[in-house]
Protein chains: 2
Amino acid sequence: MKKLPGKTVERLSEYRRVLLTLISQGKNYIYSHELASLLHITAVQVRRDLMLIGYSSGIRKGYDIRVLVETIGRVIDSETPLNVAIIGMGNLGRAVSSYFRGKRSKLNLVASFDNDQQKTGKVISGVRCYDVREMENMIKELNISIIILTVPPDYARSTCDDAVRFGVKGVLNFTTVSLNVPPTVYLEEYDMVTSIEKVAYFVKESIR
Amino acid sequence: MKKLPGKTVERLSEYRRVLLTLISQGKNYIYSHELASLLHITAVQVRRDLMLIGYSSGIRKGYDIRVLVETIGRVIDSETPLNVAIIGMGNLGRAVSSYFRGKRSKLNLVASFDNDQQKTGKVISGVRCYDVREMENMIKELNISIIILTVPPDYARSTCDDAVRFGVKGVLNFTTVSLNVPPTVYLEEYDMVTSIEKVAYFVKESIR
DNA sequence: TAAACACTGTTATTTTATTAACAATATTTA
DNA sequence: TAAATATTGTTAATAAAATAACAGTGTTTA
Ligand SMILES: NC(=O)c1ccc[n+]([C@@H]2O[C@H](COP(=O)([O-])OP(=O)(O)OC[C@H]3O[C@@H](n4cnc5c(N)ncnc54)[C@H](O)[C@@H]3O)[C@@H](O)[C@H]2O)c1
Ligand SMILES: NC(=O)c1ccc[n+]([C@@H]2O[C@H](COP(=O)([O-])OP(=O)(O)OC[C@H]3O[C@@H](n4cnc5c(N)ncnc54)[C@H](O)[C@@H]3O)[C@@H](O)[C@H]2O)c1
C-alpha cells in the first residue's frame, strides 16, 4: 500500500482509539457520520480515509467496528511489534510511562534511561530504568527502534544524536528543543506550550 | 487584525520559543532561512507568516529577534493575562504544572483541582489545589478562562461540561476521551498515543 | 413489491497551505 | 563607485487537504 499522508495516519489512530472505547461499551456497528462527530470532522472525511486504506463495509448498517479496528491495525501497525524506550524519567517521563505502557500490543515499552543514580537500576512506573551510559548496549540488545525524549532541554540534542547513532529510527520529542535527525529517521515534536498558546489565541479572539 | 489560521498561530508560538532561547544565547538577529531550518520548514514559510502579522525587518541583516518576539506577542498573546487551571493533579497534571508554571507572562496558572482529599488544600507542583467541588466558585472568583484537562477518562466529559457551564472559554484536553463543547468555546485535543503511533507508522514504512 | 429512504464509495470541486519565482534593496566586494 | 551578492516582501503557481455532489445499493415502509 502506498504511504499514507501523516494527517490520515493521525486520524486512523484516533478512529481506533474511539472505536476501542465503543467496543468496550458494547457497540458493534457505527456509521461514518457517528464516527465523524466523535472526532469533530465530517462524515466524508471518514469515508475518504477508509477508502484510502481500502476498507469497505459492504452492508448499509455502518461499519463493523471490530473489523474496522483490525483493518486500521493492519495498515498502521507494524507486523512485528516495535520496541520503545523513554529517555529521562522525570515528571513527564514517568507520566508517559505509566500511561503508555501496555496500551498498544504492537508497541512495547521495554526500557527507560536516566543519569540519576537514584533512578537507575530500578523499575519506575512499570519499566526498568537503565543508566544512560548503557544506552548503546541496550538499544542494540533490546532492538529499540523508537525513543520518547523527556530529558532536560540542555541534554536533548546530544541524547538524540546518540540514540540515532545507536540505531534508533523514530523519535518523539517532548522537550522544548527543536532537534535535527538524518532523513532516515522520523522525528515528531510536540510542545504543550504551543497547544495552550493556540487555545489562548482563539479564546482571546473570541472574547474580543 | 484578521483571525490567523491555526497553523500559523502554532508556528508563531514555535518561532517565539526558539527565538527566546536564541536571545538567552546572546543572538540578536536572525535570517528567515536560519529560523526556518530550526523549525524544519522553509524560509518562504517564515517570511509568509511574518508578512501575515505585518512584521517587516526593513534592514537586510535579518530580523531583530527582540522586536520579532515582541511583535509575535502582540499578535498571539492576550493584552491582559488569561488565567489557567489544571483539572486532575495526577502524574500528568503535576508534570504539566511544574513545567508550564511561569513560562509565559500572559498565561497565569492560578489553580488546580482534584477530588482526592490527599491533594486538596495543598500546594502541589507550585500551584494551589482546590477541591473539584469548589470549581464553580473558583473559576468565577479567579476568572479562569482556560482549563487543562488531565482527569481520568471516565470523568473527562462531565468535568469539561461543568467547567464550560461555569464560564471557561478554552479547553486543552489531554484525556483519551473526545469531548464536545459549544461553538463559543475553543477545544484543542492532544493524545500522545496518536503521536507515537504516527512515529511507529513512518518507522515501519521506512524499514520495510 | 414499489417507492422512499439512508448510507456508502468515489469523483469533482473548492479551499487551504505550501512552495516557487522574482523584483526591490541594502550590503559587500572589486 | 559599480558590480556582485544576499536577503526580504510579495505575487503567482503548485500541492495537499477538505468538502461537496451524487450515483449506487441495501433497507424500510406503505
Ligand atoms: N513536564 C511537562 O509537562 C513537560 C511538558 C512539555 C515538555 N517538557 C519537557 O520535557 C523535559 C522533561 O520535563 P520534566 O518535567 O519531566 O523534567 P524533569 O527534570 O522532572 O525530568 C528530567 C529527567 O531527565 C533526567 N536526566 C537528566 N539528564 C539526563 C541525561 N543526560 N540522560 C538521561 N536522563 C537525564 C533527570 O534525572 C530527570 O529524571 C524537559 O525538556 C521539559 O522541558 C515537559
Ligand atoms: N500520563 C500521561 O502521560 C498521559 C498521557 C496522555 C493522556 N493521559 C490522560 O490524562 C489523564 C490523566 O492521566 P494521569 O496519568 O495523570 O492519571 P492519574 O490517575 O495519575 O491522575 C488523575 C488525577 O485526577 C484526579 N481525579 C479523579 N477524579 C477526578 C474528578 N472527578 N475531578 C478532579 N480530579 C479528579 C485523581 O485524584 C488524580 O489525581 C487520563 O485521562 C489519561 O488517560 C495521560
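In what follows, chains are A, B, ... by sequence order, proteins preceding strands, each numbered from 1.
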Report task. Please state whether the phosphate of C:dG9, meaning OP1 or OP2, lies under 4.0 angstrom from any side-chain nitrogen or oxygen of A:S57. Result -> yes
Requested in this report: Applying side chain to side chain donor-acceptor pair (under 3.5 Å), name anything that partners A:S145, two or more places apart in sequence or on another chain.
Outcome: none
Query raised in the report: Tell me: CD1 of A:I53 to P of C:dT10, nearest whole Å?
Result: 13 Å
Report task. Map A:R11 and B:A43 onto DNA chain D by nearest heavy atom, then report which one ends up closer to the 5' terminus. Result -> B:A43
**Report entry** Under 4.0 Å protein heavy-atom contacts per nucleotide of nucleotides 19-30 of chain C, with B for base, S for backbone only and - for none
**Finding:** BBB----S-S--
For residues 105-115 of chain B, which side-chain donor-acceptor pairs fall under 3.5 Å, sequence neighbours excluded?
from, atom 1, to, atom 2, distance (Å)
B:S112, OG, B:R128, O, 3.2
B:D114, OD1, B:D116, N, 3.0
B:D114, OD2, B:M89, N, 2.8

**Report entry** Whole-Å gap separating C1' (D:dT19) and CG (A:D49)
**Finding:** 13 Å
Requested in this report: Mind telling me whether B:Y190 and A:Y190 have parallel, tilted or perpendicular rings, with 30° and 60° as the class edges?
Outcome: parallel
Query raised in the report: Separation of A:K3 atom NZ from D:dA16 atom P, in whole Å?
Result: 14 Å
Query - Atom-pair distance (CG on A:L50; C1' on C:dC7), nearest Å - result: 13 Å
Report task. Please report, rounded to the nearest Å, how far the P atom of D:dA18 is from the CD atom of A:E10. Result -> 10 Å
Query - Results of side-chain contact (heavy atoms from CB on, under 4.5 Å) for A:H40 - residues two or more places apart only - result: B:S178, B:N180, B:L187, B:E189
Query raised in the report: If you take all heavy atoms of A:G6 and B:F202, which pair is closest and at what distance?
Result: CA-CZ, 3.8 Å
**Report entry** Below 4.0 Å: OP1/OP2 of C:dG9 and any side-chain N or O of A:S56
**Finding:** yes
Query - Whole angstrom value for the distance that separates C1' of C:dT8 from CD1 of A:I30 - result: 15 Å
Query raised in the report: Can you name the salt bridge (Lys or Arg N to Asp or Glu O under 4.0 Å) partners of A:R94, sequence neighbours left out?
Result: none
Query raised in the report: NA contact type, B:T8, heavy-atom cut-off 4.0 Å: base, sugar-phosphate, or nothing?
Result: nothing
Query raised in the report: For the pair made of NE2 in B:H40 and P in C:dT18, what is the distance, rounded to whole Å?
Result: 15 Å
Requested in this report: Calculate the interatomic distance between B:Y55 atom OH and D:dG9 atom P; express it in whole Å.
Outcome: 8 Å
Query raised in the report: Can you list every ring pair (Phe, Tyr, Trp, His ring centres under 6.0 Å) pair that touches residues 77-103 of chain B, not counting sequence neighbours?
Result: none
Query raised in the report: Does D:dG9 have OP1 or OP2 sitting under 4.0 Å from an N or O in the side chain of B:Y63?
Result: yes
